[in-house]
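Each remark here refers to the structure printed beneath this line.
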2 protein chains.
Amino acid sequence: MGNSIHVLKDALKDSGRRVTHKRGLILDLLRETPGHPDAETLLIKAKKRDPRISLATIYRTLALLKKTGFVEEHRLGETHAHYEAVGETPHFHFTCRKCGRVIEFESGLLDRLKLELKRKHRVDLREIHIHASGFCAHCREKGD
Amino acid sequence: MGNSIHVLKDALKDSGRRVTHKRGLILDLLRETPGHPDAETLLIKAKKRDPRISLATIYRTLALLKKTGFVEEHRLGETHAHYEAVGETPHFHFTCRKCGRVIEFESGLLDRLKLELKRKHRVDLREIHIHASGFCAHCREKGD
DNA sequence: TTAGTTGCAAACAATTTGCACGTTG
DNA sequence: CAACGTGCAAATTGTTTGCAACTAA
């Protein structure tokens, strides 16, 4: 578990940006936290280790981590954003409309979809998000 | 182009909800408008035909049309939502990070993806959104 | 030392809501 | 005429920003 400061150092060097312990903390939290925390949740967790951290810093750091490719921002059917540390395997999300649970799923079709998009429209594809919703196996049994 | 009131009547009957001019107007606009208007854009267009319509009604009607399956809400990389009348062919969106253009694309892989998701996780799938971003063919040529 | 970072509070943007009045069935 | 719909303005929610104090390099 980690101290992510050295990782950030690598990514931020030469950019004039600094590696602070708050930034490292936020990246650590994102990597440790299962699921898809929102900014508020990250603030609460962060305050336990550094009580003087503010929501503004959470947002500013999330923007930085997005730009440098460490985190992804997801819209999971709610009005606010959720965040997730970028891992090895790309995956998508399914939100249950009843219990709110988020299921992550992967598929080999993703690569083919990307390829198709690049070929057909000759775009330089940088990001792709898939979000599905409906009723999870558990909730569908008991009717809506 | 049409008067959507009879269509709404069908969908809203027995639900205690009423079929009003304003609701019909907003659905008409969504069907006539190419692209993916946001609430503000719909308000401007709506005011040309009914100057007394308000933004609150736009939002309330969009919520109703979403619930009844007439429109889809998309998050196209901006902070506010965009809306689109549900048509025959499901498609996805690609937003160019430079010029902001939204490209719609379809793929036969979509059905396979849905099938895979239903099989693997036994969910009752109601909706799936795919949003990609990067640089369109036009913008990638001239560097970032 | 000095430019980048942070907390705080205020500003913003998008959307929602309470309430009195208007309209539909 | 009873219940639902609407305009208006105020309230909420989520996020961003200006500025003075702070801190990493």
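Computed from heavy atoms alone, side chains included, the values below leave out hydrogens, waters and symmetry copies. A note on names: the letters A, B, ... follow the listed sequences, proteins ahead of strands, and every chain is numbered from 1.
- Taking the side chain as every heavy atom from C-beta outward, A:H21 and A:N3 never approach each other to under 4.5 Å.
- Summarising the geometry, the separation between CG on B:D38 and C1' on C:dA13 is reported as 12 Å, rounded to the nearest angstrom.
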| request: Give the B/S/- string for nucleotides 20-25 of chain C, one per nucleotide from 5' to 3', where a protein heavy atom under 4.0 Å of the base yields B, of only the sugar-phosphate yields S, and otherwise -. | output: ---BBS
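- A salt bridge is defined here as a Lys NZ or Arg NE, NH1 or NH2 lying under 4.0 Å from an Asp or Glu carboxylate O, and B:K67 with B:E73 fails to meet this definition.
- In this structure, CG of A:L43 is placed 13 Å from C1' of C:dT6, rounded to the nearest angstrom.
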| request: Dump the intermediate steps for side chain to side chain donor-acceptor pair (under 3.5 Å) on A:R23 and A:T61, then the final yes or no. | output: CA-CA 6 Å; A:R23 289 180 174 171; A:T61 301; 4.6 Å; no
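- Put simply, CG on B:L12 is 15 Å from C1' on D:dA3, counting in whole angstrom units.
- Test B:H93, B:H74, B:R75 against B:H129 for side chain to side chain contact (heavy atoms under 4.5 Å, CB included) and you get one pass: B:H74.
- Here A:F92 contributes atom CZ and A:I130 contributes atom CD1; the two are 3.5 Å apart, rounded to the nearest 0.5 Å.
- One interatomic measurement links the two molecules: CD1 of A:I58 to P of D:dT16, which rounds to 13 Å at whole-angstrom precision.
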Protein-nucleotides 8-14 of chain D N/O pairs under 3.5 Å:
| unit_1 | atom_1 | unit_2 | atom_2 | d |
| --- | --- | --- | --- | --- |
| D:dG14 | OP1 | A:H80 | ND1 | 3.2 |

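- Within a 6.0 Å sphere centred on NZ of B:K22, heavy atoms belonging to other residues, nucleotides or ligands number more than 12.
- Between B:L55 and B:G16, the residue anchored closer to the 5' end of DNA chain D is B:G16, taking for each the nucleotide with the nearest heavy atom.
- Remark: P of D:dG7 and CZ of B:R23 are 11 Å apart, rounded to the nearest angstrom.
- Between B:I26 atom CD1 and D:dG5 atom C1' the separation is 11 Å, expressed in whole Å.
- A salt bridge between A:D10 and A:K13 is present, with a side-chain N of the basic residue lying under 4.0 Å from a carboxylate O of the acidic one.
- Between A:R126 and A:D124, at least one side-chain nitrogen of the basic residue sits less than 4.0 Å from a carboxylate oxygen of the acidic one, meeting the salt-bridge criterion.
- We find that CG of A:D50 is positioned 15 Å from P of D:dC22, with the value rounded to whole Å.
- Regarding B:L64, its CG atom lies at a distance of 15 Å from the P atom of C:dT17, rounded to whole Å.
- The pair A:R97-B:E127 meets the salt-bridge criterion, with a side-chain N (NZ, NE, NH1 or NH2) lying under 4.0 Å from an Asp/Glu carboxylate O.
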